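None of the values given here were measured: they were computed from a predicted structure.
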Amino acid sequence: MNAGPLVRTALALGVVLGLAACADGYPSDNTSLALHFGMDGAEIETAMNHIGSQRYLKQRWAYALTDRCSLQAGEVPGLMGSATEPVVLDLRHVAVSMEKTVGPGGHRVWVTPAPDSSEAVPLIEGAHWSDASQIKWLVEFARSRCLRPQRAS
């Protein structure tokens, strides 16, 4: 009797089951974002909206770069229709912050719209660390693009 094919089949089945178990608990639509320093405004906006629309968030968020130095951010109305009015932020003057919070997701990102302002404008709340840190990076990157001199076309 030759045990070779039987052993190979059992090993292959074990590998398949092991790989299937590794994916357990991770959402199937959790696509990786390719954030890079060559992103243009449309890519930044697309990435931010991808993060802000994650299904696990209690409140969804929408973003628009309305021009080179303006970011519009706000909550998307939910089933009950409630959401805050979107705000337009001048990226030349914002300070971006992130903190761990209590509750689902556990992180929020906000901006202070002016250097001497104590008003905090939320950009995302209840986010996983990875999503919150990506939103923070994207806003800081959009701000750095805004502060750089534009090249003549």
Side-chain angles (χ1 to χ4, degrees), residues 14-153:
V15 167
V16 168
L17 291 174
L19 289 174
C22 289
D24 204 23
Y26 292 97
S28 60
D29 65 344
N30 191 13
T31 56
S32 176
L33 292 176
L35 305 182
H36 56 89
F37 290 110
M39 294 176 80
D40 62 20
E43 290 172 306
I44 294 168
E45 186 177 310
T46 298
M48 291 181 74
N49 282 307
H50 173 79
I51 295 166
S53 66
Q54 294 295 316
R55 283 191 269 180
Y56 75 87
L57 292 169
K58 184 176 178 181
Q59 181 65 52
R60 308 281 168 80
W61 297 81
Y63 310 94
L65 288 170
T66 56
D67 67 35
R68 185 172 167 83
C69 293
S70 295
L71 172 67
Q72 179 177 312
E75 298 173 338
V76 175
L79 294 176
M80 303 306 284
S82 63
T84 58
E85 192 69 29
V87 295
V88 177
L89 302 161
D90 184 343
L91 293 173
R92 292 173 291 206
H93 305 293
V94 299
V96 188
S97 301
M98 182 174 113
E99 73 179 353
K100 184 164 179 38
T101 59
V102 177
H107 293 85
R108 76 180 194 121
V109 177
W110 76 93
V111 294
T112 306
D116 57 349
S117 174
S118 61
E119 176 188 8
V121 177
L123 295 179
I124 196 165
E125 295 180 304
H128 295 153
W129 176 86
S130 59
D131 290 335
S133 62
Q134 288 176 339
I135 286 288
K136 183 177 188 285
W137 186 88
L138 286 161
V139 173
E140 288 174 338
F141 181 65
R143 183 176 187 278
S144 74
R145 286 182 71 248
C146 163
L147 297 175
R148 278 194 306 244
Q150 277 188 295
R151 295 181 190 159
S153 311

Would you give the length of the straight line joining atom CD1 of Ile135 to atom NE2 of His107, rounded to the nearest 0.5 angstrom? 14.0 Å
Gap between atom OG of Ser53 and atom CE of Met48 - 0.5 Å precision: 12.0 Å
Taking only residues two or more places apart in sequence or in another chain, which ones pass side chain to side chain contact (heavy atoms under 4.5 Å, CB included) with Ser133? Met98, Trp129
Considering residues at least two apart in sequence or located in another chain, which fulfil the side chain to side chain contact (heavy atoms under 4.5 Å, CB included) criterion with Val87? Leu89, Val121
According to salt bridge (Lys or Arg N to Asp or Glu O under 4.0 Å), does anything in residues 134-145 pair up with another residue at least two apart or in another chain? List the pairs. Lys136-Glu140
Using side-chain heavy atoms (C-beta onward) and a distance below 4.5 Å, is Leu33 in contact with Gln134? yes
Side chains of Val139 and Leu123: closer than 4.5 Å at any heavy-atom pair? yes
Considering residues at least two apart in sequence or located in another chain, which fulfil the side chain to side chain donor-acceptor pair (under 3.5 Å) criterion with Arg92? Asp90
What is the minimum heavy-atom distance between Ala47 and Leu138, and which atoms define it? CB-CD1, 3.8 Å
Output all residues satisfying salt bridge (Lys or Arg N to Asp or Glu O under 4.0 Å) with Glu119, sequence neighbours left out; order by chain, then residue number. none
Mind checking what makes side chain to side chain contact (heavy atoms under 4.5 Å, CB included) contact with Ser97, not counting sequence neighbours? Trp110
Closest approach of Leu91 and Ala142, non-hydrogen atoms and distance? CD1-CB, 3.9 Å
Partners of Ala62 by side chain to side chain contact (heavy atoms under 4.5 Å, CB included), sequence neighbours excluded? Asn49, Val76
Is the shortest heavy-atom distance from the side chain of Leu65 to the side chain of Ile44 under 4.5 Å? yes
Residues in salt bridge (Lys or Arg N to Asp or Glu O under 4.0 Å) contact with Arg68, at least two apart in sequence or another chain: none
Could you report the tightest heavy-atom contact between Tyr63 and Gly52, atom names first, then the distance? CE1-CA, 4.1 Å
Output every pair passing side chain to side chain donor-acceptor pair (under 3.5 Å) with a member in residues 33-46, not counting sequence neighbours, ordered by first then second residue. none
Can you find a pair of side-chain heavy atoms, one from Val88 and one from Leu71, that are under 4.5 Å apart? no
Determine the interplanar angle of the Phe37 and Phe141 rings, folded into 0 to 90°, and report it as parallel if under 30°, tilted if 30 to 60°, perpendicular if over 60°. perpendicular
Considering only NZ, NE, NH1 and NH2 on the basic side and carboxylate oxygens on the acidic side, decide whether Glu75 and Arg60 come within less than 4.0 Å. no
What residues form a salt bridge (Lys or Arg N to Asp or Glu O under 4.0 Å) with Asp67, not counting sequence neighbours? none
